[in-house]
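One structure is given below, encoded as C-alpha cells.
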There are 2 protein chains.
Amino acid sequence: MVERVETMVRIPVEQRRRQLVAAAFTVIATRGLAATSARAVVAEAGMSLASFHYAFTSREELLEMLITEVTDGEQAAVLPQELAGKTLEELLIEGLTGYLEHLRADPLREQAMLELTQYAIRSQPELAQHQYRRYREIAAAALQLAASETGTRWQVPLGTVARLLVHVTDGLTLTWLVDRDDRAARDALAAAARALTALAAPEPPTAPEPSPQE
Amino acid sequence: MVERVETMVRIPVEQRRRQLVAAAFTVIATRGLAATSARAVVAEAGMSLASFHYAFTSREELLEMLITEVTDGEQAAVLPQELAGKTLEELLIEGLTGYLEHLRADPLREQAMLELTQYAIRSQPELAQHQYRRYREIAAAALQLAASETGTRWQVPLGTVARLLVHVTDGLTLTWLVDRDDRAARDALAAAARALTALAAPEPPTAPEPSPQE
DNA sequence: CGCGAACTGGGACGATCGTCCCAGTATGGG
DNA sequence: CCCATACTGGGACGATCGTCCCAGTTCGCG
C-alpha cells in the first residue's frame, strides 16, 4: 500500500537541529516571528513536520536554541579595520559606519534579531539578558581598542560607555529600519561619534608620574 | 425561545471603537501583541465578538487606529520641570531621568509601544514612520528648550541631535526592559547627557556682532 | 545476514484564530 | 405610538496552529 519513497533521507538529529535553526532564522527574517510556525520552518528546511518534533520537543525549544546560537555567533561588525593614525572620533565614525553598512546590507537580519529580543523579553528573559551582555562585550572591546589605539582614555567606566554605545546602535537600527534614511543615519552617527569622543581624554604618559597636586 | 437579555447595552460606534482601542492596548501590554486576538480584546472590553466587527472591519484596522491614536497622544515625558539656573548637562540628565522614571513606572506601556513599532515596520510602514517623526518632534522640542534655557546653542543641526536623543532613549528602553538594571541605566544616562552636552556651545551675545575674522 | 534502534512520512487531534451571519432587541424620528 | 434602523448576542465556518502517533523504512552492529 505504501509506495516506495525515494526521497527519504536519514540525517542525524544534531545536524537536523542545525538545519531547522537556520531555516527558522530565515523564516523569521523574511516573514516575521509571528509567521514562524513549525510548518513554515520545516517547509523552509525541506523536511516533514515529524522531523521537527523528533529534533525538538516544542517550538519554544527551537527558538531557545536559535537565540542562543545566534547571539553566541554574533561578531563585532563594528570593528574598524585601518587603525593607524586616526583620531578617536574618526575611529568611532568608521566603526559606526561599518555597523550601518552591515545593517544596510542585511536589514532583515537585524530586524529578526530585534523580534527575537522582544520575544525573549517576554518568554525567556535570561536569553535576552545574555544577548545584551554579548552586545556590551563586543562594544566594550571595540571601545577599548579604539581608545588604546589613539592614546586616549575613557573618563567614564568602560562598561558605561559600552552600554551607551549599544543604545546608539540599537536606536540607529530601529530608526533606520523605520525610515531607511541613509543620510540622516550617517549624520546622527557622526554626531554620536563626536559626542562619545567627549567622554575620553588623552592618556597621560605611559609611566605615570605622581601628579603634583599635594 | 430567546430569554430576556438584561445586560444588553447600546453604545454608539465611535465610543465602542475607543473602548476597543483602549482594551487592545491593555491586552498588548499585558500579554503581548501575539496574544492580542479579537476575542482577547472584546473579553478585555467586556463586549461580544460581533461588536468588534461592527466597529472595525478587521483586526488590522483596529491596530492601525490604535497606533495612530497612541502615537498622536504621545507626550513629552522627557521635559524637565525646574529649568532655572541649571547647566545644559543637568537639564539633560533630568530629562533623561524623567524618561527613565516614566519607563520604570509603566514598563509594559513602553514594551507595548516597541511591539507596535515592530509590527508597524512589517505591516504598516507609514505608521511606523509617523511614530518616529513624532518622537523626534518631541525630542527636538525638549532639546531646543534646554539649549535656549541655558544660553547654549547646538553645534549640530537640531534634527540630528533629536535623532540621536531618540536613539538613546530607544536604547535605554530596550536595555532596561531586558535587564531592569536601574543603576546601570542611570550611569549610562548620565554619560549620554555628558556626551550630548559636547554637541552644544555657549550662545554668542544676543545681538550678533560681525566676527572679526576678516 | 538479520534485527533492534534510529529515523521519517503522513495523517490526525483539539484548540484557537479571523471573519461572518442572522435572529432578535432597543430606540428615535415621524 | 410605531416602525425602520442602529445595534447586539451567540453561534458557525474554514483555516491554521502546536503537538502527537504510528506504520513503515533504513542503518549500524552483532
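Chain naming here is simple, since letters A, B, ... match the order of the sequence lines and numbering starts at 1 in each.
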Seminar exercise, completed: Across all chains, not counting sequence neighbours, the side chain to side chain contact (heavy atoms under 4.5 Å, CB included) partners of Pro125(B) are none
Exercise. Any side-chain N or O of Ser51(A) less than 4.0 Å from the OP1 or OP2 oxygen of dG9(C)?
Worked result: yes
Seminar exercise, completed: Reading nucleotides 14-21 of chain C from 5' to 3' and marking B where a protein heavy atom lies under 4.0 Å of the base, S where only the sugar-phosphate is that close, and - otherwise, the string is ---BBB-B
Enumerate, atom names and distances included, each donor-acceptor pair closer than 3.5 Å involving a side-chain atom of residues 185-199 of chain B, sequence neighbours excluded.
unit_1    : atom_1 : unit_2    : atom_2 : d
Arg186(B) : NH1    : Glu101(B) : OE2    : 3.1
Thr197(B) : OG1    : Ala193(B) : O      : 2.6

For this session: Only pairs at least two apart or in different chains count here, so list each ring pair (Phe, Tyr, Trp, His ring centres under 6.0 Å) that has a residue in residues 116-148 of chain A.
Result: Tyr132(A)-Tyr135(A)
For this session: Respond yes when some side-chain nitrogen or oxygen of Tyr54(B) is under 4.0 Å from OP1 or OP2 of dT8(D), and no when none is.
Result: no
Exercise. For the pair made of CD in Gln15(A) and P in dC27(D), what is the distance, rounded to whole Å?
Worked result: 14 Å
For this session: Please identify each residue that fulfils side-chain hydrogen bond (donor to acceptor under 3.5 Å, both in side chains) with Asp181(A), with sequence neighbours left out.
Result: none
Problem set entry | Test side chain to side chain contact (heavy atoms under 4.5 Å, CB included) applied to Glu14(B) - qualifying residues, sequence neighbours left out | Arg17(B), Arg18(B)
Problem set entry | Between dC7(D) (C1') and Phe56(B) (CZ): distance, integer Å | 16 Å
Problem set entry | Considering all heavy atoms, the nearest Thr150(B)-Thr87(B) contact | CG2-C, 3.7 Å
